[in-house]
Visitor: 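Below: one structure in structure tokens.
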Amino acid sequence: MALNWSEEKIAAFRKALLDWYDQEKRDLPWRRDHDPYHILLSETMLQQTQVATVIPYYNHFLQRFPTVAALAQAPEDQVMKAWEGLGYYSRARHLQQAAKQVVQDYGGEFPHTAAELRQLSGIGPYTAGAIASIAFNQPEPAIDGNAFRVFARLFKIDADIAKPQTRQVFDQLIRQLIDPQRPGDFNQAIMDLGSSYMRAKDPDPAHSPLAAFDQSYLSDTVLDYPVKSKKKKPVVVPYFALVIHSPQGYLLVQRPRTGMLADLWMFPLIDRSELEAALEVDQLIEAAAQFAALSGVALKFADAGAKPVRHTFTHQQWQLTLVEAESAAFDLAVLPAKWVKAADFEKLALPTVQKKLVAALKAGGAL
DNA sequence: TATCCGTGGTG
DNA sequence: TCACCAAGGAT
């Protein structure tokens, strides 16, 4: 998309945006300096996550892993523990992998170009542009949801921002507008604008510093932009959650390294949709015994009919029916599993859904 | 390219 | 209850 603005108009646009930013920019922990490690950490945490949620995680994580070298050397389970509750857990694993790449491939000094940053694990076009512009003053766009919304409104762009190929339309446009003297501030100003006057819900475009440049505002069509196709509803997946207790504690298993809640610890789950008609208690016992390699160990089930715990993810809604069992301790050597005392749960990285299950058990008097 | 991957806030 | 959103990336 070619921009037919004069040089004077482009200069006025940049000045209006940056003057406003200089006056009104938010005071955020990762804006204290331009350390690329700080920028990488904050940008990774901020992916699909709100600022208010990230701030305490960011401060704690930096306290725990102060440098890129410290993160590269850290045990992975400690990194996961620091990420616990933040969601999208593969971000944590990729972040540590990127730290290792910086140490091993670049001697501990981040590369300066977006193209090189893009090669690091977990860094996509947005994060590469953010680090390159904020930490290294490179004139690279950082196109996040805010930038999509702000520029879609400014220029009444009809392309669907849910489609990957739409990014290039915005990229081309922003490269013509970004301030070559202050690219990092330009990108961050757009984000601040997108989270304030140009927010998604109930925007206040009249008071935006870019109101005079905003084609959607000038035509009273702000709420028509950005154009974004809708997501599908999450599918319902029913599980039995096995609460197996022995003298050594509760049985927890580590989730597979890929997929949902990767690497985190939970009660064993049995996918009821794969069990077909095996919904009777005796069949359930058989399935549980099979799963946990419990042959010969007697189980006593209780409260199998209790109300399920619900937890909704982006693409799935889990309905978890708690099934409690008392067991002798048995050898777990071959499983990614261990017996854990309830008081020691907090030492492991647990997903929120597991914490919900624990809370339900405590409310029911068990555990 | 379409789908997968969490969580908490909001109206 | 529900739909949508919030500083996206990997596959």
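Within every chain, numbering begins at 1; the chains are lettered A, B, ... in the order of the sequence lines, protein sequences first and strands thereafter.
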Visitor: Take the protein atom CD1 of A:I143 and the nucleotide atom P of C:dA6, then report the distance between them rounded to whole Å.
Guide: 16 Å
Visitor: Return the value, rounded to whole Å, for the distance between atom CZ of A:F148 and atom P of C:dA7.
Guide: 12 Å
Visitor: Would you kindly check whether a donor in the side chain of A:T314 faces an acceptor in the base of B:dG6, or vice versa, at under 3.5 angstrom?
Guide: yes
Visitor: Quick one: is C:dA3 close enough that its OP1 or OP2 comes under 4.0 Å of any side-chain N or O from A:K231?
Guide: no
Visitor: Would you classify A:A130 as touching base, sugar-phosphate or nothing, given that sugar-phosphate means primed atoms plus P, OP1 and OP2, and contacts are heavy atoms under 4.0 Å?
Guide: nothing
Visitor: Please give, in whole Å, the distance from C:dC5 P to A:Q47 CD?
Guide: 19 Å
Visitor: Please report the distance, rounded to the nearest Å, between CG in A:L86 and P in B:dC5.
Guide: 17 Å
Visitor: Do A:T49 and B:dG6 share a donor-acceptor pair, side chain to base, under 3.5 Å?
Guide: yes
Visitor: Return yes if the base of C:dA10 and the side-chain atoms of A:R91 contain a donor-acceptor N/O pair under 3.5 Å, otherwise no.
Guide: no
Visitor: Without decimals, in angstroms, what is the distance between A:L261 CG and B:dG6 C1'?
Guide: 7 Å
Visitor: Kindly say whether, by distance alone, the side chain of A:Y126 makes a donor-acceptor pair under 3.5 Å with the base of C:dG8?
Guide: no
Visitor: Let me know the distance between NZ of A:K233 and C1' of C:dT1, rounded to the nearest Å.
Guide: 10 Å
Visitor: Determine: side-chain N/O of A:R118 to OP1/OP2 of C:dA10, distance under 4.0 Å, yes or no.
Guide: yes
Visitor: From CG of A:D144 over to C1' of C:dA6, roughly how many Å is that when rounded to an integer?
Guide: 9 Å
Visitor: Do A:V51 and A:R26 have side chains that approach each other closer than 4.5 Å (heavy atoms only, starting at C-beta)?
Guide: yes
Visitor: Starting from the 5' end of DNA chain B, give me the residue, A:P164 or A:Q316, whose nearest nucleotide shows up first.
Guide: A:P164
Visitor: Centre-to-centre under 6.0 Å for A:F13 and A:F213, is that the case here?
Guide: yes
Visitor: Compute the centroid of each ring, for A:Y250 and then for A:W265, and state whether the two points are separated by less than 6.0 Å.
Guide: no
Visitor: Is a donor on one side and an acceptor on the other found under 3.5 Å between the side chain of A:Q354 and the backbone of A:F267?
Guide: yes
Visitor: Please confirm whether A:F313 and A:H315 have ring centers closer than 6.0 angstrom.
Guide: no
Visitor: Ignoring backbone atoms, test whether A:H315 places a side-chain nitrogen or oxygen under 4.0 Å from the OP1 or OP2 oxygen of B:dC4.
Guide: yes
Visitor: Answer yes or no: does a side-chain N or O of A:Q48 lie under 4.0 Å from OP1 or OP2 of B:dG6?
Guide: no
Visitor: In terms of the nearest nucleotide of DNA chain B, which residue is placed more toward the 5' end: A:Q50 or A:A162?
Guide: A:A162
Visitor: Grab the NZ-P distance between A:K232 and B:dT3 for me, whole Å please.
Guide: 4 Å
